[in-house]
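All values below were derived from every heavy atom in this structure, side-chain atoms included, with hydrogens, water molecules and symmetry-related copies excluded. Convention: sequence-line order gives letters A, B, ...; per-chain numbering from 1.
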2 protein chains.
Amino acid sequence: MQYTKPLAKLIDQFQKLPGIGPKSAQRMAFHLLKMPLSEVEKFAGVMIESKQTINYCDVCYNLSSQNPCEICSSDKRDKSTICVVAEAKDLIAIEKTREFKGLYHVLQGLISPLEGIGPDDLRVKELLHRTTDENVKEIILAINPSVEGEATSLYLNKILKPFGVKVTRIAFGLPMGGDLEYVDELTILKAIEGRVEF
Amino acid sequence: MQYTKPLAKLIDQFQKLPGIGPKSAQRMAFHLLKMPLSEVEKFAGVMIESKQTINYCDVCYNLSSQNPCEICSSDKRDKSTICVVAEAKDLIAIEKTREFKGLYHVLQGLISPLEGIGPDDLRVKELLHRTTDENVKEIILAINPSVEGEATSLYLNKILKPFGVKVTRIAFGLPMGGDLEYVDELTILKAIEGRVEF
């Protein structure tokens, strides 16, 4: 005998979460058993409620309990700029800077021939549709510089250009606080390529 | 705006789990939103069910959905030996070796004057009561060698001795695969003190 049965089931559930191995799952399970029942019921309720109320925005495909989402329906956002990201979590990362005031478009993935993911599996069609709006002046590609990210950026640039819209990419270079001595060569190369007048 | 409200609530709940910071909580929340609703409902159900069905065993204070627990009610366990541990997770760690065949007693904490935890806050009285059973021949203290653990072990040894029962402690020394060069001095000292005839 090791775990009593409901405990084994609970640990099993926690292990399904990303980055959680058997040890962390056990720690979480024991923690949960020490919480008051009311707290556990609240936790379980929030899980189900969030799943039931959060959906994709029909305009930008961000996660939201509103449709269109808070950003798309805000009158404080600049509707001439669309920032394209791969996932909702990238949107959150950009929102945290509190600097970007435009709209977003979440692709819900990246082109990956190896995994059989093509443009039709992403929200590319929907992006093209939004680009036909004449108010859209600039599309910023804020996509990670991975193999899949590069492929997706190149593809989007190619199909967006004919619309006569300005397509830009976020800069790649030395991170703030980074050190030339320790950063990889590709980053240095990108930093030199992307140099701007001082 | 950053997170849509139910998402912020969900991330908040995950952050209450031990060892989970804002980044991990966000990752878990996004993962949960990608799970099918049926899976999320199952997860939430297991949380509440485990909390409702798992309780402390009235004999050894292990966590169990039975009372007495699976170990205390098993006829395959040696009832003459009681292994004393601080927490239920320590019991699990020992059970995983599949070697120990006796019973357990979970103290539910350690003596800690700094935190105001004395013997009366632990399951010490209950251990003494079990020790009065004349079938109990040996009490093994399997308690971590921390300051609180040492204080608790010394205290238990003192109050158990008058019962005429054999009180032993698990060995402290070099861990298997450990290296004398890298292990701390206190461990080496304990390993030398605890040397056994070859």
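Residue Lys96(B) qualifies as enclosed at atom NZ: its count of foreign heavy atoms under 6.0 Å is above 12. A 6.0 Å sphere centred on CD of Glu185(B) holds no more than 12 heavy atoms belonging to other residues, nucleotides or ligands. Crowding of Glu134(B) atom CD: a count of heavy atoms from other residues, nucleotides or ligands under 6.0 Å not exceeding 12. Counting non-hydrogen atoms of neighbouring residues, nucleotides and ligands closer than 6.0 angstrom, the NZ atom of Lys158(A) reaches no more than 12 such neighbours.
The most heavy-atom pairs under 4.5 Å with chain A, out of Val46(B), Leu7(B), Asn55(B), Ile20(B), come from Val46(B).
Looking at Leu37(A), both its backbone and its side chain come within 4.5 Å of chain B, counting heavy atoms on both sides. Both the backbone and the side chain of Ser64(A) come within contact range of chain B, judged by heavy atoms closer than 4.5 Å. For Lys34(A), the parts lying near chain B are the backbone and the side chain together; criterion is any non-hydrogen pair under 4.5 Å. Proximity to chain B (any heavy atom under 4.5 Å) is restricted, for Phe30(A), to the side chain, taken from C-beta onward. Using a 4.5 Å cut-off between heavy atoms, Ile54(B) touches chain A through its side chain atoms alone.
What you find for Lys16(A) and His31(B) is that their closest heavy atoms are O-NE2, 3.2 Å. Taking each heavy atom of Leu33(B) and Ser50(A) in turn, the nearest pair found is CD2-O, 3.8 Å.
Here the CE-CE distance, from Met47(B) to Met47(A), works out to 5.5 Å after rounding to the nearest 0.5 Å. Taken from CG in Asp12(B) to CZ in Phe43(A), the straight-line distance is 10.0 Å, to the nearest 0.5 Å.
A side-chain donor from one of Glu70(B) and Thr4(A) sits under 3.5 Å from a side-chain acceptor of the other.
Ile159(B) is connected to Phe163(B) through a chain of hydrophobic side-chain contacts under 4.5 Å among Ile, Leu, Val, Met, Phe, Trp and Tyr, so both are in one cluster. The hydrophobic cluster containing Leu180(B) also contains Ile192(B), counting ILVMFWY residues as joined when their side-chain heavy atoms lie under 4.5 angstrom apart, directly or transitively. Hydrophobic cluster membership is shared by Ile170(A) and Leu91(A), with clusters built from Ile, Leu, Val, Met, Phe, Trp and Tyr side chains linked at under 4.5 angstrom. Leu174(A) and Leu186(A) end up in different hydrophobic clusters when Ile, Leu, Val, Met, Phe, Trp and Tyr side chains are linked at under 4.5 Å. No chain of hydrophobic side-chain contacts below 4.5 Å, direct or via other Ile, Leu, Val, Met, Phe, Trp or Tyr residues, connects Ile71(A) to Val59(A).
The side-chain heavy atoms of Gln26(B) and Lys89(A), taken from C-beta on, include a pair separated by under 4.5 Å.
Residues of residues 79-88 of chain B placed with any heavy atom under 4.5 Å of a heavy atom in chain A are listed by number as Glu87(B), Ala88(B).
The backbone N or O of Glu41(B) sits nowhere less than 3.5 Å from a side-chain atom of Lys51(A) that would complete a donor-acceptor pair.
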